[in-house]
There are 2 protein chains.
Amino acid sequence: MNSEIALKFRLHLEELISLTDDEFEDIYSYFNLKKLRKHQFLVQEGDSVNHEYWVVEGLLKTYAIEENGKEHILQFGAENWWVSDYEAFFQSEKATINIDCIENSILLGLSLNDRKSLCEKYPKMTIFLLRKSNLGYVALQKRLLSMMKDSVDKRYEDLISYNPDLFQRLPKTLIAAYLGVSRETLSRLGKR
Amino acid sequence: MNSEIALKFRLHLEELISLTDDEFEDIYSYFNLKKLRKHQFLVQEGDSVNHEYWVVEGLLKTYAIEENGKEHILQFGAENWWVSDYEAFFQSEKATINIDCIENSILLGLSLNDRKSLCEKYPKMTIFLLRKSNLGYVALQKRLLSMMKDSVDKRYEDLISYNPDLFQRLPKTLIAAYLGVSRETLSRLGKR
């Protein structure tokens, strides 16, 4: 067991639930370590998606590609976020989106079967995952509403003020793709 | 206990979990019946949101209003769906969206505190709510991706083919608002 990663993960779980040493050790044994380099894929369109992942360190992007090649960024995933193609994962379908690494990344993966066993064995893990799922839903609802009703200026300002660290780490091209604007429009926004 | 509504709700729960009569009776006692007429509000912007609701019968719409008065429909809620302003509900904040009734509606409400008690008492209810939350997340991800990358024609066709009943029940004005197009554009789509 890599003690530094285990400790980080335990702190993450214990933000919401309390665990004994034995419980944590057992829970941790359900997860598999995965390391990817910048530009490598975690999920590619058409893949089976058997795992969801907790981001130990690194930065990833979740996106769909239009037939004409245009990239639409659904969301980013940095430290402490959970990422997967959840549609494919929960419904055992093929991936319709891609997830790749913007930085070298270290992840902890949990398979759908292990997730079910874990929930049956530890009701508090179900409570943890429910809380995480609820928060994920809220984040997605915010993103959808903001796409529908906010101006690009407002969405740009929100990205800077709510995610200043992420904003610093992201290449400008990806910020533009996330906001759905051209690189030129983004430069104009940045100058204000 | 209204036996017809209780039976409907039990069937809904038992799609995912098994319950004894005593368990169901106890679980059902956490829920409050709410009846609303067409045009009445379940949630209004600025309200405290203390409940989530299961739709027994009826049809509701969840939407945000821009400063200029323009309505953006996040989603509809018909029989067997769960609705709330989940951002406000989970984070005990004021509502930023509205939910009102397109048809007379009957709902079963569950408060945040009762939800917590229920999850502690019945781990299988946590499993039920986790599964529902996961599916809700998937539906929202689909809606967001479709908004980002699909043409209006494609989104119109998907609405008809995936939700034929809903399509029949919705006034054309609301279908147009859901797709983010004018009433004229919608007529043009309908003629193809």
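Naming: A, B, ... by sequence-line order, numbering from 1 per chain.
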Set out, in order, the CA-CA distance, both residues' side-chain angles and the distance that settles side chain to side chain contact (heavy atoms under 4.5 Å, CB included) for A:L130 and B:R115, then state yes or no.
CA-CA 12 Å; A:L130 176 59; B:R115 190 181 199 263; 4.0 Å; yes
Determine which residues belonging to residues 67-100 of chain B lie within contact range of chain A, meaning some heavy atom pair is under 4.5 Å apart, and list them by number or answer 'none'.
B:H72, B:I73, B:L74, B:Q75, B:D85, B:Y86, B:E87, B:F90, B:Q91, B:I97
Sort by residue number and list every residue of residues 50-58 of chain B having at least one heavy atom under 4.5 Å from chain A.
none
Hydrophobic clusters here meaning ILVMFWY residues chained together by side-chain heavy-atom distances under 4.5 Å, can you tell me if [X] and [Y] are in one?
| X | Y | value |
| --- | --- | --- |
| B:I17 | B:I27 | yes |
| A:L170 | A:L42 | no |
| B:L145 | A:L144 | yes |
| B:L112 | A:L16 | yes |
| A:L135 | B:L135 | no |

So, taking the atom named CG in B:L140 and the one named CG in A:L140, what distance separates them when rounded to the nearest 0.5 Å?
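The distance works out to 4.5 Å.
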One pair to check against side-chain hydrogen bond (donor to acceptor under 3.5 Å, both in side chains): B:T126 and A:T126. What are the steps and the verdict?
CA-CA 6 Å; B:T126 320; A:T126 321; over 6 Å; no
Side chain from CB out, backbone as N, CA, C, O: work out which of these in A:M148 comes under 4.5 Å of a heavy atom of chain B, or both, or neither.
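For A:M148, the contact with chain B is made by backbone and side chain together.
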Between A:A139, A:S133, A:G136, which shows the greatest number of heavy-atom pairs under 4.5 Å with chain B?
A:S133
With chain B, the option among A:I65, A:L129, A:I127, A:N134 that has the most non-hydrogen atom pairs under 4.5 Å is A:N134
Look at B:K124, B:E120, B:K116, B:R131 and state which one has the largest set of heavy-atom pairs under 4.5 Å with chain A.
B:R131
